[in-house]
Amino acid sequence: MSVRQFHPPRLVPQRCAWAVLASAAALAACGGGSDTASSSQSATAMLAVLETTDLHFNVRSYDYFKLADDKSYGLERTATLVRAARKEFANTLLVDNGDTIQGTALADYEATVNPIPCTQQLAMYKAMGALGFDAGTLGNHEFNYGLPFLNQVLGGGMEVDGVDPAKKCAGAGYPAVLANVYSSKTQKPLVPPYAILERKISATDKDGKSVTLPIKVGVIGFTTPGIMNWDKRYLEGKVYTQGAVEAATQYVPELRAKGADIVVALLHGGLDGSAYSPTMENPGLHLSKVAGIDAMVMGHQHSVFPDSAATPAFTQPGVDNKAGTINGVPAVMASSWGKALGVVQLALQWDGKAWSVNKAASKSELRSIQTGKDAAGKAVYVDADPAVAPLVEAQHQAAIGYVKTPIGSTDFRMSTLLADVGDPGAIQIVNQAQRDYVAAYIQASLPQYKGLPVLSVSAPFKSGFQGAADYTDVAIGPLAINNAADLYLYPNTVYAVKVNGADIQKWLEAAAQRFNQIDPAKSGEQALISSFPGYNFDMFTTPDVQYEIDVTQPKGSRIKNLSYLGKAIDPVQEFIIATNNYRATSGKSFSDKLDGSGTLWASPDANRDVVIDYIRKHPGVTRAANGAARSWRFTKVVTAGKVVFSSGPGALAVAQAAGLGNVSLLAADDGAGKGQAKYQLDLSQ
Ligand code: MN
Ligand code: MG
């Protein structure tokens, strides 16, 4: 199978020697010195594999929630790094690792609000076309809008239930490969499992002379088997998954047999030190050991590899952050949202007939779009590539118009700046919306559960992980769709689960891992917040449920005085909890019932849309009604030293407005380089 990428001709980037076979003009433009006659001799070449991953439809450096530019991400800036790499390396291969078509209001606009016609490319793919991607794979989020939409945006031809395989559309503009998702209808891969890219490569022969030689690059893709849970409503009965290792074991030899000189694995997954299982989310350590894989690009975890930090993101056995290898295989994970470009420099050897990779001479690195800091300490980023924005301008403006649609107003600043220390201001309305939505459904459609109380949990999804701007922060005044999307960041769907009082206690214990264990006797500063993600810090926000979190206790023993309607919660009393698809299906570490087995109802509606509908029904949002119900407090304790945490620079005003009298500002800059300030929490108050 030879797949040729499609380039709109005027957008073909200038690339010497590294050109598609048919493109004689591109070769000629590279000038003299090449000699293909010497191809029977040995030669060496360097091929730079360039990776983007988890772009999440961030074409522009623009925050649709804040309606403001944000230079810290966006393909328009990664594009500048791509162009620089192409000047630096004679031979490059540009691949995208998935989670590409979902993640911004522009994505939702083109998929659901005003769906693009079959003849039109997604704005994301148009922008990628400016760079001429060679291949890509599919992430879990490619399945978020269902199979008919995925079929359309990939160009058509998918043979799966519910999709017309005869439909042919504009497509991605590059081959999308995925080896571990199968159509139940055909028992064959949903999209081509791999592609063989036939190229010509600029090399140096043993006499030091420049030569041009053909190469066949095999590209194979793998995604997270979790799609079967996360997008169950779209995928159940229609597709099934295989483990990445099983799929690679089947298809890598096939790729080799079909003449691939080298094989690049596109893994929409990352690294996890646990034993292999075919459903594991991040199987990179195991995939790297499959024979025949020469390079691995990774993603999904939105993390970085290789990582030169003092405490690298990945440190499992087999991970070499200096060499940039995983079990000896050159590899990268290029952050997310276009914040970095992964570069794998593959040292190639030509034996007169075929290429092989000298892994020991290969290396990988990440190149950040942040180039440094200015004199004032502010981050400086590469300029945006001017070719990208004009390609998506019309759709970009349409998406901005969509997100500005007014739906209500708020009399208080709805913020997650202090959600970690007790402000329910941006979380309560999400819980109210989810609870109402689930309760109405139970009444109408599941009368056998009518007698059970319906509660809701949610979490501060934006809680500073990406820096000072990464907080939900909705100003007093009109509420528009963009604010609702800010209140609920992810395109999750509402799930209702049935649990008992004991499960709730366990669930809250898991969520309380958000905090480090504080030693009251310690005299030095202690950081309150652990590396446990904010989006996992589930909380109730209702007077009906009350509990304390005692951070002086070890993980698993922190939830105290858990009560329902003023009485200690009954461990066997049953409750229905409104949550999201992720927690309900892959929340086993929170409760045994959160592996899907406790799900009463997998709703088809996005939590975000449920919030938007709730605000439409209750357009006058107030602190008293929607932002003041605290379910939890820290257990009071006097500490010898200061208990500190980081948050955005304006958090003190939020503390005052929320009535949190125990927060004070320690330093305007916490020193971590993310623009955050340092605050003190007085646990004795
Ligand atoms: Mn992602
Ligand atoms: Mg992903």
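Atoms within each ligand, like the ligands themselves, are counted from 1 in listed order.
In this model, no donor atom of one side chain and acceptor atom of the other lie less than 3.5 Å apart for Y174 and D134.
Not a single donor-acceptor pair under 3.5 Å links the side chain of Q434 to the backbone N or O of V494.
In this structure, F143 and Y234 approach most closely via the heavy-atom pair O-CD1, 3.5 Å.
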task = Show your reasoning for whether side-chain contact (heavy atoms from CB on, under 4.5 Å) applies to F305 and M296.
result = CA-CA 11 Å; F305 180 80; M296 195 166 68; over 6 Å; no
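Within the sub-2.8 Å shell of the Mg ion (ligand 2), the protein contributes these N/O/S atoms: D99 OD2, N140 OD1, H268 NE2, H300 ND1. Protein N/O/S atoms closer than 2.8 Å to the Mn ion (ligand 1): D54 OD1, H56 NE2, D99 OD2, H302 NE2.
Considering OG1 of T224 and CD of Q301, their distance stands at 11.0 Å, rounded to 0.5 Å.
In this structure, F590 and F532 have tilted ring planes: the angle between them lies in the 30° to 60° band.
Residues L147 and V239 have side chains in contact (heavy-atom distance under 4.5 Å, counting atoms from C-beta outward). Proximity of V181 to L235: side-chain heavy atoms (C-beta onward) are nowhere separated by under 4.5 Å.
Cation-pi geometry between K339 and Y381 is not met: the NZ or CZ atom fails to fall both under 6.0 Å from the ring centre and inside 45° of the normal.
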